[in-house]
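The block underneath contains the structure these notes are about, expressed in structure tokens.
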There are 2 protein chains.
Amino acid sequence: MEDHSIPDIIVGRLPLYLRGLLYLSQEGRSVTSSQELGERLGISAAQIRKDLSQFGEFGKQGTGYKIDYLVAQLRQILHVTQVWEIIVVGAGDIGSAIARYQGFANHGFAVRMVFDNNPAVIGIEVGNFTVQDAVILSQAIQETGIKIAMIAVPASQAQAVADKLVEAGIKAILNYAPISLNVPSGVHVQNIDPVTHLQRMTYYL
Amino acid sequence: MEDHSIPDIIVGRLPLYLRGLLYLSQEGRSVTSSQELGERLGISAAQIRKDLSQFGEFGKQGTGYKIDYLVAQLRQILHVTQVWEIIVVGAGDIGSAIARYQGFANHGFAVRMVFDNNPAVIGIEVGNFTVQDAVILSQAIQETGIKIAMIAVPASQAQAVADKLVEAGIKAILNYAPISLNVPSGVHVQNIDPVTHLQRMTYYL
DNA sequence: TAGATTGTTAATCGATTAACAATC
DNA sequence: TAGATTGTTAATCGATTAACAATC
């Protein structure tokens, strides 16, 4: 069947498969197996095959998966065949590091604008961008039609920024502020908080 | 029972509970309920109660949870009653942002040293730190007994760095490089990769 | 052909939710 | 007491694994 709603936990693994395949490709490999990929990623071969089978039949019995082909399929499934433009809100240390990050290129993303509301920061150069005044944030989102934003402002301002982004049409938020954002259904949020990641590990130490 | 092995998925939610409780506390609240906390975090009340019940009985029927008490208990469970010192490897944009990040204070962590292997970077100041030569990395880990490291080097060097860290005694790694690290059992890894987080959302766009 | 590996089924395992007695 | 909310049980739901026929 093809019109199942795919569990989010499976969707979350697809980018890992894609990344693993790209490294294999870089190493000059053209074919791989669920077992080999699984060993690289720390995921069982059965799970990889099961996950992929939700979307189609991409391999061949006896030989495995043609890497270039599976990469292309995963990119289509994940909607990263074109480049998504991104707005960064907050030009402090984290926002600046994101704006300069070279890792988005060739993976479906490009930072397009950087905003802040601090007069001391507005107008300075960050990477290839001039920090813009956050008062024109909504207007810029509506004019460009950009759907993805990253929040890199202090936690105290993050919910207000999220509300503004959503109202202007943003549909996906990567949130670097250490707070749980409340957004309407239909808007997606992923959180990156080093403290919660670290605390998850100290439990075991 | 008390000597169950706790599922990692539950351990992963405890830092979120802790963070939510701290915000409630900051707002002057002294008592909360599983329902209220759940609404804040987007987690069901039943799940919060069930998770907490793995570790003890922290609430009172009819009234809920005393916030300060539950915060203290969660800190003990997560082993963040004292400060864990951290080594940052890689003093590029990301490593520098981490080294300057103010959000670790009061949450159980403190960056202690920053390393790089690039002669152009060694010796410069990043936040309150002087970037040190990575050749003394192992020695520094062994002398200080530090158990937690963050990897903020290019993907091509990340596995080699991880191997070196593990050999020197590191037990928990927060990995900012976009690659799956292989480490021995007993060493914990958490990954922070904006690209995989973004691709997980573009699936739905 | 013989060997390898897929896609898929069925079984197992684990996580979440609903519901409620207990009790503050 | 009446109302509220916990801790826990049982039921439901979902995810993972094992195994294998199909087939390259």
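Just so it is clear: chains get the letters A, B, ... in the order the sequence lines come, proteins before strands, and each one is counted from 1. Atoms considered below: every heavy atom in the structure, side chains included; atoms not considered: hydrogens, waters and symmetry mates.
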Can you tell me the distance, in whole Å, between the CD atom of A:Gln54 and the P atom of D:dT16?
11 Å

Would one find a side-chain N or O of A:Gln61 under 4.0 angstrom from OP1 or OP2 of D:dA22?
no

Does a side-chain N or O from B:Arg49 land closer than 4.0 Å to OP1 or OP2 of D:dT6, or not?
yes

To the nearest Å, give me how far apart CD1 (B:Ile10) and P (C:dT16) are.
7 Å

What integer distance in Å separates A:Phe58:CZ from C:dT5:P?
20 Å

Can you tell me how far P of C:dA4 sits from CG of A:Leu37, to the nearest Å?
20 Å

B:Thr63 vs B:Lys50, nearer the 5' end of DNA chain D by closest nucleotide
B:Thr63

Using both distances under 3.5 Å as the test, list the Watson-Crick or G-U wobble partner of D:dA15, or none.
C:dT12

Quick one, A:Asp51 with A:Gln47, criterion side chain to side chain donor-acceptor pair (under 3.5 Å). Give me CA distance, side-chain angles, the key distance, then yes/no.
CA-CA 6 Å; A:Asp51 287 353; A:Gln47 183 154 79; 5.1 Å; no

With the side chain of A:Glu57 defined as its heavy atoms from C-beta on, choose the nearest nucleotide among C:dT17, C:dG7, D:dT5.
C:dG7

Let me know the distance between CD of A:Gln73 and P of C:dT6, rounded to the nearest Å.
16 Å

Nucleotide D:dT16, atom P - distance to CD1 of A:Ile6 in whole Å
13 Å

Under the criterion side-chain contact (heavy atoms from CB on, under 4.5 Å), which of B:Val131, B:Val114, B:Val126 is the partner of B:Val121?
B:Val131

Using whole Å, report how far CZ of B:Arg13 lies from C1' of C:dT17.
12 Å

Can a donor-acceptor pair be found between the side chains of B:Asp8 and A:Tyr203 at a distance below 3.5 Å?
no

I need the CD-P distance between A:Gln47 and C:dT12, as an integer number of Å.
19 Å

Would you tell me if any nitrogen or oxygen in the side chain of A:Ser44 comes within less than 4.0 Å of OP1 or OP2 on D:dT17?
yes

side-chain N/O B:Ser34 vs D:dT6 OP1/OP2, d < 4.0 Å
yes

Would you say A:Tyr65 places a side-chain N or O within less than 4.0 Å of OP1 or OP2 belonging to C:dG7?
yes

Looking at B:Leu165, B:Leu174, B:Val88, B:Ile192, which one forms a side-chain contact (heavy atoms from CB on, under 4.5 Å) with B:Ile151?
B:Leu165

If you find the nucleotide of DNA chain C closest to A:Gly64 and the one closest to A:Asp51, which residue's nucleotide is nearer the 5' end?
A:Gly64

Re D:dT5: Watson-Crick or G-U wobble partner, both distances kept under 3.5 Å, found to be C:dA22

Under 4.5 Å between any side-chain heavy atoms of A:Ser53 and A:Phe58, yes or no?
no

